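Heads up, the thing below is written out as structure tokens.
Treat the numbers as computed from the prediction; the structure is a model and nothing was measured.
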Amino acid sequence: GAHDVLGQCSLAAVNREQTDLAEASLSAAVRTALGELTGDDEFLPRVTLFGLGRLGHAGMDYGSDLDLIVVFDGDAASPNPGLDPSTFYVRFAQTLVKVLSGLTREGYLYRVDFRLRPEGSVGRLASSLHRMLEYIDGRASPWELTAYLKVRPVAGDVEFGADSRDRIVAAVFDAAAKREGLKEALRANRLEVEHLHGRVGRNIKWGRGAMMDVYYVTRHAQLRSRTFFPPERGTTALIEHLGSIGAIDEVSAHDLGTA
């Protein structure tokens, strides 16, 4: 019966299927948004949607938000001759939110979160690749560098997305190498997060010794060793990889993986 089927499903498999559903929904939403703005839902310009958070590492769950960044090729012509590329893609992002988050009689598809974009809540909803790289090089915070390590193209132009991802991660490594006191800054940020979220007591995600500690340690090791690792393979696989290449010692890799 249903119980037997559910019993055979691993959490990772369920997360993967939820992620596949989200990506299919995003691809359809991209076509719908472009159709509304250009009248042609078959034309796909050089734009990509990057997933971060649970979407980025292919771990979507029931009720998960879509953490997105919209990046476009600023050197390509605007899909709408009446609008400059930046204005067009901001409207494109706004239309995406309407398509995915608009409330209908059947409910809505997903909540969309653009807060990880350059400049955060005060920044434009869409960035050219050049502006994204410029922001990473000069203004991204240490915590943002760890977040941008996990960008993963989830919809849009496949070739542009793959190339942009490689350039973004390379820019993150270069920026991290130039930052003095990177480890201290990340430690201070982790303590601030713990203070804000972990003061409720034992907390599996935010408290001391919790998942966020593993996150900060592994991402700092990635930055320090310039280790590119596809985020969809997950944190456990990343820990094993960092241990195998000596970016963290074997004992620490074992302790982090077990934790």
I want to check something: taking the side chain as every heavy atom from C-beta on, are Asp67 and Phe114 in contact at a cut-off of under 4.5 Å? no
Donor-acceptor contact present, side-chain Arg111 to main-chain Asp65, <3.5 Å: no
Can you check whether Gly74's main-chain N or O pairs, donor with acceptor, with Ser128's side chain at less than 3.5 Å? no
Does Ser27 use its side chain to pair, donor to acceptor, with the backbone of Ala24 at less than 3.5 Å? no
Check the pair Trp206, Val193 against side-chain contact (heavy atoms from CB on, under 4.5 Å), reporting the backbone distance first and the verdict last. CA-CA 7 Å; Trp206 304 107; Val193 168; 3.3 Å; yes
Salt bridge flag under 4.0 Å for residues Lys178 and Asp137: yes
Pairwise side-chain contact, Glu159 with Asp157, heavy-atom cut-off 4.5 Å (strictly under): yes
Of all the heavy-atom pairs spanning Gly59 and Thr19, show the shortest one and how long it is. N-OG1, 3.5 Å
What closest approach, in Å, do Tyr89 and Pro79 show between heavy atoms, and which atom pair accounts for it? OH-CG, 3.5 Å
For Ala221 and Ala247, work out which heavy atoms get closest and say how close. CB-O, 4.4 Å
Without hydrogens or angle criteria, can the side chains of Ser252 and Asp249 be said to hold a donor-acceptor pair below 3.5 Å? yes
Arg152 vs Glu23, salt bridge (Lys or Arg N to Asp or Glu O under 4.0 Å): CA-CA, chis, key distance, verdict: CA-CA 11 Å; Arg152 185 173 71 88; Glu23 291 180 23; 2.8 Å; yes
Exam field: side chain Ser78 to backbone Pro81, donor-acceptor pair closer than 3.5 Å: no
How close do Met60 and Gln18 get, counting heavy atoms only, and between which atoms? O-CB, 3.4 Å
So, are Arg16 and Asp20 salt-bridged, with charged N and O less than 4.0 Å apart? yes
Lys/Arg N to Asp/Glu carboxylate O, Glu36 vs Arg31, below 4.0 Å: no
Met132 with Leu145, same ILVMFWY side-chain cluster at under 4.5 Å: yes
Show your reasoning for whether salt bridge (Lys or Arg N to Asp or Glu O under 4.0 Å) applies to Arg165 and Glu232. CA-CA 13 Å; Arg165 175 187 183 178; Glu232 59 267 29; 3.5 Å; yes
Taking all atoms of both residues into account, what is the closest heavy-atom pair of Arg124 and Val90, and its distance? NH1-CG2, 3.5 Å
Taking the side chain from Asp61 and the backbone from Ser64, do they hold a donor-acceptor pair closer than 3.5 Å? no
Kindly indicate whether the side chain of Asn80, heavy atoms from C-beta on, has any atom under 4.5 Å from the side chain of Leu37. no
Less than 4.0 Å between a side-chain N and a carboxylate O, is that true for Asp174 and Arg167? no
Quick one: does any side-chain atom of Arg117 pair with a main-chain N or O of Gly123 as donor and acceptor, under 3.5 Å? yes
What is the ring orientation for Phe92 with Phe88, classed by angle as parallel under 30°, tilted 30 to 60°, or perpendicular over 60°? parallel
State, with a plain yes or no, whether a side-chain heavy atom of Leu34 is found less than 4.5 Å away from one of Asp41. no
Thr258 side chain vs His254 backbone, donor-acceptor pair below 3.5 Å: yes
Can you confirm whether more than 12 heavy atoms, excluding those of Arg139, are under 6.0 Å from its CZ atom? yes
Is the backbone of Tyr215 close enough, under 3.5 Å, to the side chain of Thr218 for a donor and an acceptor to pair up by distance? yes
Can you tell me if CD on Glu250 sees more than 12 non-hydrogen neighbours from other groups inside 6.0 Å? no
Mind checking whether Val71 and Ile69 have side chains closer than 4.5 Å, heavy atoms only? yes
Check whether any side-chain heavy atom of Ser101 lies under 4.5 Å from a side-chain heavy atom of Tyr110, and answer yes or no. no
Heavy-atom closest contact (Trp143 atom, Tyr216 atom, distance): CD1-OH, 3.0 Å
In plain terms, say whether Asp213 and Arg190 are close enough for a salt bridge, that is, a side-chain N and a carboxylate O under 4.0 Å apart. yes
Answer yes or no: are there more than 12 heavy-atom neighbours, outside Arg91 itself, under 6.0 Å from its atom CZ? no
